[in-house]
Every structure is written in structure tokens, then in C-alpha cells.
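Values in this document were obtained by computation on a predicted structure and should not be read as measured data. Every chain is numbered from 1, with letters handed out A, B, ... down the list of sequences. FYI, side chains are in, hydrogens and waters are out, and symmetry mates aren't considered; it's all heavy atoms of this structure.
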Amino acid sequence: MSEPVVVFKNVGKSYPQYNHITGGLKNFIFHLPTALKTLRTARYESLRDLSFEVQSGECLGVIGRNGAGKSTTLGLIAGVLKQTLGDVIVKKRVFPLLELGAGFNHDLTGRENIYLNGILMGMTKAEVACKETEIIEFSELGEFINQPIRVYSSGMLARLGFSVVACLEPELLLIDEILAVGDMEFQKKCLDKMLAFKQKGVTMIFVSHSMEDVKRICDRALWIENHMLKQIGPVQDVVQAYAQSFHS
Amino acid sequence: MLAMRGRKQYGNRRYNLKPRLRYMLDLISILTHKDLKVRYKSSMLGYLWSIANPLAFAFVFYIAFKVIMKIQMEGYALFLIAGLFPWQWFANSVTVTPTVFLANASIIKKVNFSRNILPFTIVLQDMLHFILSIPVIVLFMFIYHKTPGWIWLVGIPVLLIIQFIMAYGIALAISSINLFFRDLERLTALGVTLLFYFTPIFYPETMIPVKYQQLINFNPLTPLIISWRNLFLHNQLDGMYLAISLGYGLVFLGIGFWIYRKLAWKFAEVL
């Protein structure tokens with residue numbers, strides 16, 4: 001329990017303002033001096049000096065207002081973003097469950113997407129094949145599993161996404177606001193599964209705006225405010241402080 | 001200041017080569033499957049398209065240059081096809097390439113995997129289509145009373161590899177840069193069209209005026225297309241053309257990887 005799995009050391013993340021480049025080559029060349037200057041100076045700071053550790057088997061809730069930097073934090077852990085400053089150390093294979101339909105292709109059927117998603121997350125085809133029936137059963141999608149997922153409702157997408165991750169025995173699970181769209185019954189099923197993961201010692205990092213869910217699942221919570229760490233500690237304390245910040 | 005320290009990841013991942021290779025193969029096969037499905041909705045029709053397109057072009061050029069302009073050449077139809085089919089592979093890969101990362105934005109933003117696999121599968125797929133279209137070339141050879149030679153067994157794999165690394169290198173560079181300069185897509189389409197006319201595909205390199213002859217090797221595609229055509233038409237492999245195209249291939253591969261390395265970590269930010 002004591003070995004840290006995720007370590008952030010004074011992590012800062014800032015983005016250059018890309019819009020003038022993506023605006024086109026012509027634009028970039030005609031305004032070369034200004035473009036280069038803004039590229040270097042105009043940066044949007046998304047995270048500043050963030051340090052925390054997540055222990056093995058722990059469940060950390062990440063809370064904060066919209067745009068505070070929660071998703072950037074997850075992106076850094078997932079390895080799709082790279083920090084500008086500091087160190088990010090991740091010691092386990094990451095299973096991201098970020099938003100709806102992440103890593104899915106809309107023209108493929110549900111079944112094909114299970115393979116696509118599983119393999120993208122680092123499983124081999126054989127490993128996914130072993131779990132295929134379990135995943136389909138868990139998702140309760142029935143006939144729809146052979147339909148292209150563009151016909152799915154957002155709730156069904158969430159089911160598929162969660163089922164893939166839930167059945168592939170994750171080591172480190174990142175969950176970003178995924179539960180909000182499923183129906184009550186599936187939400188409960190997901191929460192149960194996450195509690196079961198917790199029992200098994202899976203490390204989880206859970207971003208949510210539902211304080212109820214955070215309190216039920218997480219041991220500790222990390223509150224990010226204005227791109228900086230506001231508070232980290234036992235889930236009750238942090239959630240309470242966060243809730244109070246809205247009333248004052 | 002702890003500036004830009006490397007990301008220490010997967011500290012306890014104990015991969016040895018074999019499962020890693022197995023995994024890469026799985027990844028390539030699932031992505032290829034996905035692309036086939038997305039591009040053609042079914043792979044059978046996809047095969048037909050990959051033949052129909054160069055055949056249609058061959059037909060147009062035949063009408064234009066043989067029937068109307070009366071080019072003096074025996075077996076012009078076969079000549080056209082022997083150059084157009086490999087060109088089609090190159091052109092298809094390179095024109096699709098700029099958008100490959102954009103089309104897969106939802107995966108790139110969420111999952112950390114080797115993104116260079118995406119252009120790789122594009123080029124691989126077009127290569128498979130090309131290989132599947134070789135029988136059509138053979139069919140035309142029989143019409144013109146020619147037969148494939150044993151040298152094909154060496155020549156085809158060697159040329160496949162050379163063209164693959166060349167196309168992949170270019171694809172990597174273009175797909176990476178296009179994320180930052182989105183209009184590179186249009187430039188690429190324009191460039192491919194120009195390149196087509198500067199490459200001896202519907203005319204033989206011998207028709208190029210003497211004063212421009214020494215320029216032909218400045219076009220990376222020229223030695224490659226000539227090699228393919230000599231192999232198909234005359235069962236010949238020219239060592240010099242092979243060496244030049246291999247050189248181009250390696251240079252493009254190097255440049256492609258260099259650019260990709262420089263830019264890959266920013267992909268998720270700009271998508």
C-alpha cells in the first residue's frame with residue numbers, strides 16, 4: 001500500500017497559443033515576427049506547481065470547477081500530454097476512461113471497438129478475445145454490439161467504454177466524468193465495479209462533479225482551483241471545504 | 001529549475017521483445033482493419049477501387065497520348081499500367097496522410113500509444129492494395145505476350161521495401177506538420193499532382209530532352225518508378241536506380257522520424 005504509483009513533482013503545464021499557426025501557413029508566414037513572438041510569450045497556463053502522490057491501491061478523487069485543470073492532470077498521467085515543468089512519474093500501465101467514446105471509432109461496430117480500444121490500451125488481441133464475452137455481457141448492449149457505434153446513444157457509449165475498461169483488469173484507472181450519462185441502474189453497476197476494483201487494490205483516479213460519488217469511492221481528494229493545488233487530504237474534509245467555497 | 005525533464009514511465013514494465021512485437025502486430029492489424037472499414041465500408045469493394053482508379057487513369061492517358069497524340073511506342077497500355085500502379089500507391093498514401101492524425105483525434109487525445117503507427121498502417125494498406133493489383137499487370141503482360149521472370153522474386157520485395165520506407169518517411173513528416181499547419185493538406189494535394197507530371201509515368205524517361213536529362217534524378221520518384229517499370233516490362237533491375245531510390249527512401253525516413261520526434265508530444269495539445 002505504501003509505494004507511490006503516480007508522483008507529480010512541482011508540475012507545471014502551459015500551452016502556447018496555437019491558434020495563429022493552425023490558422024494557416026499563409027497567416028504564419030505573413031506575420032512571421034509577431035507569430036514567432038506570440039508563440040514564445042503568449043502561453044496559457046493550465047497547471048502551476050502541482051505536487052502530489054497517489055499510493056498503490058488508493059483511490060484519489062479530483063475535484064474543482066470547470067477549467068481548473070482537472071483534465072489536464074489526467075492527460076499528464078495518461079501520457080498524452082507532456083509537462084512543461086517538473087516531473088511526472090507513472091509506474092503502472094494506465095487505463096484511461098476519459099470522456100465518452102474516447103478511443104472509439106464511430107464506423108466500427110461495438111464488438112470491433114472493444115478490440116480497438118483494448119489493443120490501444122496495451123492489451124494483445126488474444127487478451128481481449130479472452131474477455132470479449134464478459135465485456136459484452138457487462139455492457140448489456142445485446143443486439144447493438146454488432147451495430148456501428150454511431151447509432152449508439154451517449155448512455156450506450158458510456159456503457160461500452162466502461163465495460164471494456166472494467167473487464168480488462170486495469171492496474172491504474174483514470175475516470176473522467178464518465179458516469180454522468182448512464183442510467184441509474186448502470187451507474188450503480190459501475191460504482192459497484194469500482195468498489196470491487198478498490199477491494200482488489202486497483203489504483204484509481206476519479207474526476208467528478210458528483211460529490212456523492214467521490215465520497216463513496218475515494219479515500220482522498222485533490223481539489224484544484226485556478227490551476228493550482230488548493231487542498232489535498234481525506235475525502236470528507238476536502239469535499240466539505242469545496243462545498244463551502246460555493247456558499248461563502 | 002526542473003526544466004523539461006524526461007517523463008519516467010512504466011517503471012516496472014518488463015517487456016521483452018517477443019510480446020512487444022506481438023502487440024505491435026495486433027495494433028497494426030486492428031488499425032488497418034479499422035481504416036479499411038472506414039475508407040471503403042467493406043474491404044472487397046476497396047480492392048476493386050484500388051484497381052479501378054489507376055485503370056481509369058491508364059484509359060484516359062491511353063486515349064490522350066496514344067489515340068490522339070499518337071505517341072510512338074509499342075505496348076503503351078502496359079507501359080502506362082506498370083508505372084501508374086506503383087504511383088497510385090504512393091499518391092494515395094501521401095494524399096490521405098495529412099489528415100491521419102486529425103481523423104484519429106479521439107484516440108490520440110486519450111490513449112498513449114505510438115502514434116507513428118497510424119501513418120504506418122495507411123502506407124501498409126496502400127501497399128497491400130498495390131500487391132493485390134499486381135495480377136492485373138500480369139494480365140496485361142500476357143496480352144502483350146510477355147511473361148514475368150524469376151527476378152521478380154527479388155525485385156518486387158526490394159522495391160516494395162524501398163517505396164514503403166520512402167512513402168512512410170514522407171507520410172510521417174507531412175502528417176506531423178499538418179497538425180500545426182492545417183493547410184499543408186492542400187499543398188500536399190497540389191504537390192502530388194505536380195510530382196505526377198514531373199515523373200516519367202505516362203512518358204518514358206528517354207523522351208526527356210537531353211539538357212534536362214541530368215535533372216531527372218532530382219525527383220525522388222523517378223528512379224523508383226523507372227525501376228518498377230523496368231522490372232515489369234523487361235524483367236530488369238538496375239543497380240544504380242535501386243541505390244538512388246534507396247538513398248532517397250532512407251533520407252525521407254530519417255527526416256520523417258526526426259520531425260515526428262520533435263512534434264509528437266504536442267499532438268494532443270493541438271488536436
How close do [X] and [Y] get, counting heavy atoms only, and between which atoms?
X	Y	result
Lys34(B)	Leu116(A)	CD-CD2, 3.8 Å
Tyr23(B)	Met123(A)	CE1-O, 3.2 Å
Asp26(B)	Lys125(A)	OD2-N, 2.7 Å

- Out of curiosity, Leu31(B) CG to Ile119(A) CD1, how far, rounded to the nearest 0.5 Å?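 It is 8.0 Å, given to the nearest 0.5 Å.
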
- Query: Side chain, backbone, both or neither: which part of Ile108(B) has a non-hydrogen atom closer than 4.5 Å to chain A?
  - Reply: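 Ile108(B) touches chain A through backbone heavy atoms alone.
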
- Task: Dump the intermediate steps for side-chain contact (heavy atoms from CB on, under 4.5 Å) on Asn112(B) and Met121(A), then the final yes or no.
- Result: CA-CA 8 Å; Asn112(B) 186 19; Met121(A) 287 190 207; over 6 Å; no

- Message: So for atom CZ, which belongs to Phe197(A), do other residues, nucleotides or ligands contribute more than 12 heavy atoms lying within a distance under 6.0 Å?
- Response: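 Yes - once you tally the heavy atoms of other residues, nucleotides and ligands closer than 6.0 Å, there are more than 12.
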
- More than 12 heavy atoms from other groups under 6.0 Å of CZ on Phe57(B):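 Atom CZ in Phe57(B) is not crowded, with 12 or fewer foreign heavy atoms closer than 6.0 Å.
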
- Query: Which residue pairs pass the side-chain hydrogen bond (donor to acceptor under 3.5 Å, both in side chains) test when at least one of the two sits in residues 251-263 of chain B, sequence neighbours left out?
  - Reply: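 Listed by first then second residue: nothing to list.
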
- Task: I would like to know whether Glu269(B) and Leu81(A) meet side-chain contact (heavy atoms from CB on, under 4.5 Å); could you show each step before the answer?
- Result: CA-CA 7 Å; Glu269(B) 294 179 9; Leu81(A) 297 175; 3.8 Å; yes

Donor-acceptor contacts, no H, no angles, side chain residues 188-197 of chain B, under 3.5 Å, sequence neighbours left out:
{"unit_1": "Thr188(B)", "atom_1": "OG1", "unit_2": "Leu184(B)", "atom_2": "O", "d": "2.7"}
{"unit_1": "Thr193(B)", "atom_1": "OG1", "unit_2": "Ala189(B)", "atom_2": "O", "d": "2.8"}

